[in-house]
Amino acid sequence: MTATTHPVAARTESPQGAQSGSQQRQSPDLNVLLTLRDKLAAQTSAEIRFDASTRAIYASEASNYRQLPIGVVIPRDLQDIVTTVNLCRDAGLPLLPRGAGTSMCGQAVNAAVVIDTSKYLHGIDFIDAERQLARVQPGVICDQLKDEAAKVGLTFGPDPATHSRCTLGGMIGNNSCGAHSVMAGKTVENIQRLEVLTYCGERFWVGPTDEACLREHLQAGGRRAEIIQGLKDLVDRYEGDIRQGFPKLKRRVSGYNLDQLLPENGFNIARALVGVEGTCVTILQAETLLVSNPTHLVLAVLGYEDIYYAADSVPQLLPLNPIAMEGLDDGIIGGLKERGMKLADIAELPAGNAWLMIEFGALSTEEATAMAQRAVDIAPQLPGQPSVRLVTDKGLMNRIWTIRETGASATSLGLDPNEPDPVVGWEDAAVEPEHLGKYLREFKALVGRYGYKTNLYGHFGDGCIHSRITFDLKSDTGVQNWRAFLDEAARLVVRYGGSLSGEHGDGQAKGEYLPIMYSAPIMQAFAEFKALWDPQNRMNPGKLIHAMPVDANLRMGPDYNRREVDSQFTYDPRLGSKGLARESERCIGMGKCRSLDGGTMCPSFRATREEKYSTRGRARLFFELLKGEVIEDGWQSEELKDSLDLCLSCKGCKTDCPTNVNIARYKTEFLNRYYANKRRPVMDAMIGRIGEWLPHATRLSPVLNYAMGNPLVRTAGAWFGLAKEAKFPAIAAQSFRAGATAQRILNDQTTGGGKDVLLWVDSFNNGFTPKVLEAGVQVLESLGFTVKLMTRHVCCGRPYYDVGMIDQAKANLAQILDQLEPVLDENMPVLVLEPSCLSVFRDEMPGLFPQDPRAKKLEQSIMTLSEFIRSRALELPAIDEDVRIHGHCHQKSCGSMAAEQGVLEQLGGKGQVIQAGCCGVAGAYAYHAKTAPIARAIGEQQFKPHLDRIPEQTPVVADGFSCRGQIRNVSGREAMHLAEYLAKVLG
């Protein structure tokens with residue numbers, strides 16, 4: 001175990017007057033940690049992680065901060081939490097309860113024992129529709145609760161942008177809000193009762209406290225009675241200060257919720273504990289309120305000349321009773337355009353440089369539309385006379401909301417690697433909506449005076465503003481300027497009667513500045529509140545109260561040194577071969593890869609719910625590898641290799657991740673270095689070179705097919721890492737290139753008079769399913785085109801990348817470019833039937849040959865069959881048949897399924913694209929003993945349910961060779977390639 005220092009809150013006065021926890025103490029004695037680990041393993045059923053890779057992964061969140069934890073405990077039940085707290089107390093170690101780790105202010109990282117409830121503690125005990133109440137464990141995901149509540153016509157109101165992965169425990173800890181807080185308020189207004197566990201071991205339920213409940217608490221005796229009596233005394237002493245000193249705005253999140261202890265709020269101890277960020281107690285269970293679910297939604301989008309007019313309009317729009325009102329400026333939209341992202345979605349926005357998205361909800365579309373129409377009607381009277389678009393299509397509404405939810409993250413890595421990136425150093429201040437326009441004008445002027453750039457967006461209906469600002473946190477001068485800015489920004493929002501935090505909490509980012517917002521008596525009340533619950537200051541010390549300085553523990557601060565290494569791929573032309581270190585900074589920790597529904601990313605996490613197998617976990621390990629502090633064995637790291645072994649290289653993260661982290665490419669870089677001085681396993685070498693030997697294997701197909709089905713051979717193969725239960729595809733008796741059709745084409749040199757198309761012969765269809773390529777020729781010739789083939793077969797080299805054989809991959813591509821040069825000179829389209837080949841030419845090749853004009857031309861020339869049909873506006877016969885198409889992950893990441901949808905519409909509009917993620921098979925993933933169980937779990941748990949909903953007689957189409965195999969494995973269906981289906985349609 002690597003020794004490290006662990007900060008403990010020490011009460012020293014900071015220059016700003018806040019209590020600081022910046023003093024350090026020596027790390028716990030190694031024997032203490034080893035004893036704790038052994039006791040945890042013996043006395044709990046939890047997963048105990050004190051290894052370097054886990055500590056590295058949990059050292060960061062979505063903020064600017066980084067602190068290495070002592071270790072991580074992943075409890076399987078509530079008793080595991082109780083035992084963990086007791087053992088940590090006995091050892092005198094600090095604790096940090098943590099959810100999904102998407103906090104932006106430093107509250108989810110600490111030099112403490114982290115308790116991660118997200119993997120196992122996601123049970124919903126009950127949903128009581130009559131009382132509109134639910135009881136949940138702390139690891140329940142927000143969307144999980146919403147989906148269950150929707151079955152009885154209810155919903156959980158708060159919905160942060162991270163609603164697909166944030167946990168209720170984390171939401172309670174941060175007092176999270178979201179777009180629909182206009183309708184339902186913050187988390188604090190939606191909590192009824194909490195079961196809490198104190199560091200001293202007291203476990204009890206808290207909530208509204210009437211006389212009978214108060215008596216019950218006091219009669220329990222012990223620390224429980226002391227805490228409750230102490231709270232009663234505290235509110236009696238500070239009642240006047242609390243009434244006068246707490247801002248009344250809806251989005252006041254900063255500080256402790258002492259106002260909930262006032263008599264008129266029912267002395268509500270549960271709500272007082274919402275937003276304490278793990279500094280007081282550990283949440284074991286929560287009873288949450290539910291609200292009526294407006295099932296029919298309509299969106300009015302207003303386009304403005306600038307963001308200030310949008311803010312000025314809010315007071316006139318709020319009386320129309322919207323359920324959400326979100327604003328964003330052209331900084332986000334412009335950034336997305338520069339990156340070529342979401343262009344089709346952006347095109348749907350009305351004209352303007354800033355936008356308000358106003359959602360109305362009701363129990364019928366007619367009612368919701370009527371409400372939205374009122375916003376449209378008053379638009380000419382609003383400041384700036386905005387343009388308007390009314391959106392009733394659910395799909396389009398989701399696309400527009402996605403711009404808002406992911407736009408800031410997508411633009412978080414600046415386009416110029418030598419300039420500061422926009423970061424979250426001042427992210428979520430809030431004012432009353434009637435002051436929003438004036439506040440924004442002053443705030444933007446303040447940003448300009450410091451020479452920063454920013455984009456503005458947020459929950460305009462509640463006056464809560466998000467801003468990513470180009471702070472320079474990597475130099476001492478930059479940090480000094482940042483601190484000066486924060487002081488002015490805090491005083492500005494307080495002058496408007498606002499809150500330092502309107503959503504994300506205080507953590508370390510805002511804690512130091514609480515004395516600007518609150519009086520000395522209230523700050524003292526906060527300290528006493530914390531001390532009642534946690535007198536030893538062991539619960540998430542140094543956060544929110546007695547906070548460490550804002551510039552301590554910066555992940556990429558002045559002491560950060562970007563360790564440049566030569567990369568095999570070019571990530572940024574300006575950085576040349578030095579781009580990998582910059583690339584490792586791409587992940588900002590928003591954790592979309594932890595979402596369990598929707599999208600392709602990240603199938604290995606969905607199957608395991610294990611952070612190290614998520615895109616974020618792998619990206620964090622890469623960052624730490626290059627940092628060299630925790631991952632000390634660098635490119636020989638077995639922990640990082642284990643994490644990457646379970647990566648399918650599906651490339652879902654390349655497009656689904658808001659910051660476009662491309663783990664598949666990092667994996668190739670890592671394996672290339674990992675095996676630089678060691679021999680690859682036999683199975684990896686065979687799979688990597690399959691494009692070399694498969695064309696010759698057809699000559700021995702009877703023998704090879706028999707061998708792969710023979711139990712003795714399969715048993716022997718287990719010594720080389722082969723999964724015994726794997727189902728191998730049969731090698732064809734004759735390859736496509738050896739068949740009559742290919743020979744006819746190769747022997748015919750006539751051209752098609754401008755209608756020539758080169759059909760790429762991929763190794764898998766050539767060697768396993770030549771009928772697919774035969775069908776491709778049939779379709780193209782039926783549509784009037786002359787098919788050409790490469791004179792000499794060369795595999796695209798896709799398997800090389802999966803095992804890190806970059807030198808071979810590059811040499812392979814050089815051969816392809818040489819052979820295709822005449823084809824490219826003629827601007828002949830190159831048609832590929834296997835999507836994994838598509839990814840080589842659209843993703844890997846541009847990174848390996850960034851300066852080769854032939855590579856650029858091939859990247860532009862390559863297309864799938866559906867893309868070719870759509871690009872040439874080819875006519876297809878209309879048929880009266882339902883058909884479903886499953887998209888290969890590389891189709892989605894290196895193109896989209898829009899062309900497939902277009903083909904379905906041409907065929908009569910009955911067909912649909914299956915809304916499934918990864919099927920669970922890629923390359924050799926289903927054949928390795930280590931990964932085969934994960935492939936099976938993904939296939940059965942995530943993929944099969946989509947297939948089961950398809951009528952038995954409905955044809956299923958999948959272009960991916962592996963996808964068709966997985967469809968057969970999990971459902972017994974025989975899927976066709978689109979070429980085969982169109983060949984049948986065309987007769």
Do the side chains of Asp572 and Arg582 get close enough for a salt bridge, i.e. N-O under 4.0 angstrom?
no
Name the orientation class of the two ring planes belonging to Trp760 and Phe841 (parallel below 30°, tilted from 30 to 60°, perpendicular beyond 60°).
perpendicular
Between the side chains of Asp807 and Asn672, is a donor N or O closer than 3.5 angstrom to an acceptor N or O?
no
Side-chain ion pair, Lys930 and Asp645, N-O less than 4.0 Å
yes
Below 4.5 Å, heavy atoms only, C-beta onward: do Thr769 and Phe736 meet side chain to side chain?
no
Closest non-hydrogen atoms of Gln901 and Val913, given as atom of the first, atom of the second and distance, are OE1-CG2, 3.4 Å
What's the verdict on salt bridge (charged side-chain N to carboxylate O under 4.0 Å, His left out) for Glu583 and Arg586, showing C-alpha distance, side-chain angles and the deciding distance?
CA-CA 5 Å; Glu583 193 70 11; Arg586 185 173 289 277; 2.9 Å; yes
Under 4.5 Å between any side-chain heavy atoms of Leu876 and Val985, yes or no?
no
Is there a donor-acceptor contact under 3.5 Å linking the side chains of Tyr801 and Gln808?
no
Should Glu900 and Gln891 be marked as a side-chain hydrogen bond (donor to acceptor under 3.5 Å, both in side chains) after you check the CA-CA gap, both sets of side-chain angles, and the distance that decides it?
CA-CA 10 Å; Glu900 279 72 18; Gln891 278 178 282; 2.9 Å; yes
Looking at Val803 and Gly688, what are the two nearest heavy atoms and their distance?
CG2-CA, 3.7 Å
Are Arg884 and Glu952 close enough for a salt bridge, meaning some N to O gap below 4.0 Å?
no
Gap between atom CD of Glu348 and atom CE of Met397 - 0.5 Å precision:
13.0 Å
Using only heavy-atom distances, determine whether the side chains of Tyr800 and Glu844 contain a donor-acceptor pair under 3.5 Å.
no
Output, in order, the C-alpha distance, side-chain angles, deciding distance and verdict of salt bridge (charged side-chain N to carboxylate O under 4.0 Å, His left out) for Arg744 and Glu781.
CA-CA 13 Å; Arg744 168 177 64 82; Glu781 290 182 344; 3.2 Å; yes
Hey, what do you get for CE (Met845) to CG (Asp852), rounding to the nearest 0.5 Å?
8.5 Å
Go through Arg842 and Ser893 one step at a time and tell me if the side-chain hydrogen bond (donor to acceptor under 3.5 Å, both in side chains) criterion holds.
CA-CA 10 Å; Arg842 285 189 178 170; Ser893 65; over 6 Å; no
Check Glu974 with Arg968, please: is the shortest side-chain N to carboxylate O separation under 4.0 Å?
yes
Decide if atom NZ of Lys857 counts as having more than 12 heavy atoms of other residues, nucleotides or ligands within a radius under 6.0 Å.
yes
In terms of ring plane angle, is the pair Phe785 and Phe868 parallel, tilted or perpendicular, where the classes change at 30° and 60°?
perpendicular
Inspect the contact between Lys755 and Glu826 and indicate whether a charged nitrogen and a carboxylate oxygen are less than 4.0 angstrom apart.
no
Taking it one step at a time, do Tyr927 and Met683 satisfy side-chain contact (heavy atoms from CB on, under 4.5 Å)?
CA-CA 9 Å; Tyr927 308 114; Met683 188 170 173; 3.6 Å; yes
Compute whether any side-chain donor of one residue and acceptor of the other, for Arg973 and Thr954, lie under 3.5 angstrom apart.
no
Closest non-hydrogen atom pair, Ala723 against Ala926
CB-O, 4.4 Å
Taking the basic N atoms (NZ, or NE/NH1/NH2) and the acidic carboxylate oxygens, is any pair closer than 4.0 Å for Asp843 and Arg665?
yes
Would you call Thr402 and Arg399 a side-chain contact if the rule is heavy atoms closer than 4.5 Å?
no
So how far is it from Arg606 CZ to Cys593 SG, rounded to the nearest 0.5 Å?
10.0 Å
For Lys944, is there an ion pair with Asp948 - N to carboxylate O distance below 4.0 angstrom?
yes
Could you please spell out the steps behind the side-chain contact (heavy atoms from CB on, under 4.5 Å) verdict for Leu831 and Leu758?
CA-CA 6 Å; Leu831 190 67; Leu758 185 130; over 6 Å; no
Let's go through Arg964 and Asp959 carefully: what are the C-alpha distance in whole Å and the side-chain angles of both, what is the deciding distance for salt bridge (charged side-chain N to carboxylate O under 4.0 Å, His left out) to 0.1 Å, and is it a yes or a no?
CA-CA 8 Å; Arg964 295 194 297 277; Asp959 283 1; 5.7 Å; no
Under 3.5 Å side-chain donor-acceptor pair for Asp684 and His928:
yes
Between Leu759 and Val777, does a side-chain contact (heavy atoms from CB on, under 4.5 Å) hold up when you go through it step by step?
CA-CA 8 Å; Leu759 178 64; Val777 173; 3.7 Å; yes
Taking the side chain as every heavy atom from C-beta outward, state whether Tyr981 and Val883 have any atom pair closer than 4.5 Å.
yes
Mind listing the closest non-hydrogen atom pair of Lys654 and Asn660 along with its distance?
O-ND2, 2.8 Å
Answer yes or no: are there more than 12 heavy-atom neighbours, outside Asp597 itself, under 6.0 Å from its atom CG?
no
Aromatic ring proximity Phe961/His888, centre distance under 6.0 Å
no
Kindly determine whether Glu692 and Arg689 satisfy salt bridge (charged side-chain N to carboxylate O under 4.0 Å, His left out), including the steps that lead there.
CA-CA 5 Å; Glu692 300 174 31; Arg689 297 183 181 276; 3.1 Å; yes
For Asp880, I'd like to know if atom CG has over 12 heavy atoms of other residues, nucleotides or ligands within 6.0 Å.
no
Rounded to the nearest 0.5 Å, what's the gap from CG on Leu865 to CG on Leu780? Could you check?
6.5 Å
When the ring centroid of Tyr666 is compared with that of Phe622, is the distance short of 6.0 Å?
yes
Give, for atom CG of Asp656 and atom NZ of Lys592, the distance between the pair rounded to the nearest 0.5 Å.
5.5 Å
Looking at Gln906 and Leu874, what are the two nearest heavy atoms and their distance?
NE2-O, 2.6 Å
Worked verdict on Ile914 versus Ile885 for side-chain contact (heavy atoms from CB on, under 4.5 Å):
CA-CA 6 Å; Ile914 302 171; Ile885 297 182; 6.0 Å; no
ring-ring contact (aromatic ring centres under 6.0 Å, His included): pairs with one or both residues in residues 897-921, sequence neighbours excluded:
none
Return the NE2 to CD distance between His977 and Glu834, rounded to the nearest 0.5 Å.
7.0 Å
Cys837 side chain near His890 side chain, heavy-atom distance below 4.5 Å:
no
Decide yes or no for Met601 and Cys657: does some side-chain heavy atom of the first lie under 4.5 Å from some side-chain heavy atom of the second?
yes
On a heavy-atom basis, the closest approach of Ser701 and Ala733 is OG-CA, 3.5 Å
Could you tell me whether Lys667 and Asp802 have a side-chain N and a carboxylate O separated by less than 4.0 Å?
no
Determine yes or no for a side-chain-to-main-chain donor-acceptor pair under 3.5 angstrom, with Thr668 supplying the side chain and Ala664 the backbone.
yes
Option from Val787, Thr741, Asn765 for which side-chain contact (heavy atoms from CB on, under 4.5 Å) with Leu773 holds:
Asn765
